[in-house]
Amino acid sequence: MWWVVAVVTAVVLVATYVTWTAGRVDRLHARAAAAHSALDAALVRRAAAAIELGERAGLPDLPVTAKAAITARADERELAENDLTRALRAVPATPEISETLRTASAASRRVALARQVHSDLVRDARAIRRRPLIRVLRLCRKHPEPRFFDIDDPTLEIADER
């Protein structure tokens, strides 16, 4: 009789562990998707700040580059964002646009932070996908594999005019 209790206990423990692991897989993938959405929102805000900066500074190429980054297809988005980063770095700091330039710089810092959070969650989700139990039980089959968003460091260095 004691062996029946031991077998039932072992089955319950294994089922609990598998259920907990499946929940963890789902949570990690949901967090990675949410981080991707937050990164996308930060990129759109940075592009909007770049459009305003380009209009105030009289740089016609900057709004065009920012709009191209917003409308780029998913497979071209990284290249378009890198082009926008280079265009923002090339903006000369003048007193007339200093406030708008600070806004664009702050938006770029938020993009860098969102990208770091996204990369960390994608790394964790990919790591859990490689575990043998996860692969054998196919616990990730309903989730697409998350992708890294590789862009240049989007932070801008702005000198204070004090």
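These numbers come from a predicted model, not from an experiment.
For R147, the CZ atom counts as loosely surrounded, since its 6.0 Å shell holds 12 or fewer non-hydrogen atoms of other residues, nucleotides or ligands. With a 6.0 Å radius and a threshold of 12 heavy atoms from other residues, nucleotides or ligands, H36 has its NE2 atom at or below the threshold. Enclosure of atom CZ in R86 by more than 12 non-hydrogen atoms of other residues, nucleotides or ligands within 6.0 angstrom is indicated. Around atom CZ of R123, more than 12 heavy atoms belonging to other residues, nucleotides or ligands sit under 6.0 Å away.
Of all the heavy atoms in P63 and L59, the pair that sits closest is CD-O, 2.9 Å. Here the closest non-hydrogen pair linking L84 and A47 is CD2-CA, 4.0 Å. Among all heavy-atom pairs drawn from A66 and A50, the shortest one is CB-CB, 3.9 Å. When every heavy atom of R138 is checked against every heavy atom of R141, the shortest pair comes out as O-NH1, 2.8 Å. Counting all heavy atoms, side chain and backbone alike, T9 lies closest to V5 at OG1-O, 2.7 Å.
Distance CD/E81 to CG/L79: 10.5 Å, rounded to 0.5 Å. Rounded to the nearest 0.5 angstrom, I97 CD1 and E55 CD are separated by 13.0 Å. In this structure, CZ on R115 lies 12.5 Å from OG on S108, to the nearest 0.5 angstrom. In this structure, OG in S105 is found 9.5 Å from CG in L88, a value given to the nearest 0.5 Å. Rounding to the nearest 0.5 Å gives a distance of 10.5 Å between CD of E76 and CG of D83. Rounded to the nearest 0.5 angstrom, D124 CG and R31 CZ are separated by 7.5 Å.
Contact check for P146 versus L121: no side-chain heavy atoms found under the 4.5 Å cut-off. By the 4.5 Å heavy-atom criterion applied to side chains, E145 and R129 are counted as neighbours. Residues H118 and F148 have side chains not in contact (no heavy-atom distance under 4.5 Å, counting atoms from C-beta outward). Side-chain contact between I151 and V111 is present, with heavy atoms from C-beta onward closer than 4.5 Å. A heavy-atom distance below 4.5 Å is not found between the side chains of T85 and D153. Contact check for R46 versus L43: side-chain heavy atoms found under the 4.5 Å cut-off. The closest side-chain heavy-atom distance from L133 to Y17 is below 4.5 Å. Contact annotation: the side chain of I51 never approaches that of L62 to less than 4.5 Å [non-hydrogen atoms, C-beta and beyond].
With T21 as the fixed residue, the side-chain contact (heavy atoms from CB on, under 4.5 Å) test singles out one of T16, D26, L139: L139.
Under the 4.5 Å side-chain heavy-atom criterion for ILVMFWY residues, no single connected hydrophobic cluster contains both M1 and W3. Side-chain heavy atoms closer than 4.5 Å link hydrophobic residues (I, L, V, M, F, W, Y) into clusters, and following such links, even through other members, never connects V11 to W20. Side-chain heavy atoms closer than 4.5 Å link hydrophobic residues (I, L, V, M, F, W, Y) into clusters, and following such links, even through other members, never connects V64 to I70. L137 and V12 fall into different hydrophobic clusters, where Ile, Leu, Val, Met, Phe, Trp and Tyr side chains are chained together by heavy-atom contacts under 4.5 Å.
At least one donor-acceptor pair closer than 3.5 Å links the side chain of S37 to the backbone N or O of A33. Looking at R56, its side chain never comes within 3.5 Å of a backbone N or O of L53 through a donor-acceptor pair. For N82 (side chain) and D152 (main-chain N/O), a donor-acceptor pair under 3.5 Å exists by modelled atom type. Of the possible donor and acceptor atoms, one in the side chain of E78 sits under 3.5 Å from a partner among the backbone N and O of D150.
Contacts classified as salt bridge (Lys or Arg N to Asp or Glu O under 4.0 Å) and involving residues 34-43 (residues at least two apart or in different chains) are given here: D40-R77.
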